[in-house]
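When a residue number appears, it is its place in the shown sequence, counting from 1.
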Amino acid sequence: MSIELNHTIVAARDKNAEARFVTDVLGLPGPVPFGPFAVVELQNGVSLDFMDTADVPSQHYAFLISEEEFDAVAGRLRDRGVPTYGDPGHQTPGHNTNDGGRGLYFSSPDGHNLEVLTKPYGSGG
């Protein structure tokens with residue numbers, strides 16, 4: 001049997017604003033309402049289902065993207081004035097070159113630690 005992640009729920013103070021931030025930065029189609037969720041579909045069939053809640057614990061979400069997409073995402077973040085970092089603790093400004101690719105971390109409006117990377121960690125350089 002093949003086991004695949006289908007969706008995960010993302011806590012947000014404003015599900016529509018948080019989902020729109022993610023779709024705008026990543027260059028994805030806008031979120032779609034489904035029940036109490038604002039659903040963001042990723043190209044691999046996984047969805048992020050944003051849900052309103054008063055308590056938003058910071059979570060980490062990493063997105064594997066192409067080199068071209070990396071440049072576009074970095075540009076959209078720069079245009080929005082969103083700081084980017086080369087490490088998950090947000091100590092080193094910019095991006096990293098782990099495993100021969102590029103990666104960067106940034107915060108969503110609700111404080112989720114988001115990451116884009118062009119090579120999976122451990123894939124070698």
Checklist outcome for this item: Closest heavy-atom pair, Thr23 versus Pro31, reported as atoms and distance to 0.1 Å, is OG1-CD, 3.8 Å

Next on the checklist: List the residues meeting side chain to side chain donor-acceptor pair (under 3.5 Å) with Thr84, not counting sequence neighbours, and say none if there are none.
Outcome noted: none

Next on the checklist: Has Asp52 got a side-chain atom pairing as donor or acceptor with Lys15's backbone, closer than 3.5 angstrom?
Outcome noted: yes

Checklist entry - Is there side-chain contact between Leu64 and Pro120, with at least one heavy-atom pair below 4.5 Å? => result yes

Checklist entry - So do Ser123 and Asp99 actually touch side chain to side chain, heavy atoms under 4.5 Å? => result yes

Next on the checklist: Any heavy-atom pair between the side chains of Tyr85 and His95 that's under 4.5 Å?
Outcome noted: no

Next on the checklist: Other residues, nucleotides and ligands only: do more than 12 of their heavy atoms fall within 6.0 Å of OH on Tyr61?
Outcome noted: yes

Item to check | Nearest-0.5 Å distance that lies between atom CG in Asp110 and atom CD in Glu18 | outcome: 4.0 Å

Checklist entry - Atom CZ in Phe21, atom CG in Leu77: separation rounded to 0.5 Å? => result 6.0 Å

Checklist outcome for this item: Closest non-hydrogen atoms of Glu41 and Val39, given as atom of the first, atom of the second and distance, are OE2-CG1, 3.7 Å

Next on the checklist: Whether the side chain of Ser58 engages the backbone of Gly111 through a donor-acceptor N/O pair (distance < 3.5 Å, no angle test) should be reported.
Outcome noted: yes

Next on the checklist: Please determine whether residues Val82 and Leu117 belong to a single hydrophobic cluster, defined as Ile, Leu, Val, Met, Phe, Trp and Tyr linked transitively by side-chain heavy-atom distances below 4.5 Å.
Outcome noted: no

Checklist entry - In terms of the angle between their ring planes, are Tyr105 and His90 parallel, tilted or perpendicular, with boundaries placed at 30° and 60°? => result tilted

Item to check | Distance-minimising heavy-atom pair for Gln91 and Gly89 | outcome: NE2-O, 3.0 Å

Item to check | Asn96 and Leu104, any side-chain heavy atoms less than 4.5 Å apart | outcome: no

Item to check | Partners meeting side chain to side chain donor-acceptor pair (under 3.5 Å) with Asp71 (sequence neighbours left out) | outcome: Arg102

Next on the checklist: According to side chain to side chain donor-acceptor pair (under 3.5 Å), who are the partners of Glu69, at least two apart in sequence or on a separate chain?
Outcome noted: Ser66

Checklist entry - Looking at side-chain heavy atoms only, is the closest gap between Val25 and Phe106 below 4.5 Å? => result yes

Next on the checklist: So Pro88 and Glu115, do their side chains get closer than 4.5 Å, heavy atoms only?
Outcome noted: no

Item to check | Pairs where residues 76-88 contributes a residue and the test salt bridge (Lys or Arg N to Asp or Glu O under 4.0 Å) is met, not counting sequence neighbours | outcome: Asp24-Arg80

Distance-only donor-acceptor hits, side chain of residues 42-51, under 3.5 Å, sequence neighbours excluded:
from	atom 1	to	atom 2	distance (Å)
Asn44	OD1	Val46	N	3.4
Ser47	OG	Asp49	OD1	2.8

Item to check | side chain to side chain donor-acceptor pair (under 3.5 Å) against His7, all qualifying residues, sequence neighbours excluded | outcome: none

Checklist entry - Are Leu28 and Val40 close enough that some pair of their side-chain heavy atoms sits under 4.5 Å apart? => result yes

Checklist entry - Side-chain heavy atoms under 4.5 angstrom apart, residues restricted to Ile, Leu, Val, Met, Phe, Trp, Tyr: same cluster for Val10 and Val73? => result yes

Checklist entry - So do Ser107 and His112 actually touch side chain to side chain, heavy atoms under 4.5 Å? => result no

Checklist outcome for this item: In terms of heavy-atom contacts, Ser108 and Leu114 come closest through CB-CD1, 3.9 Å

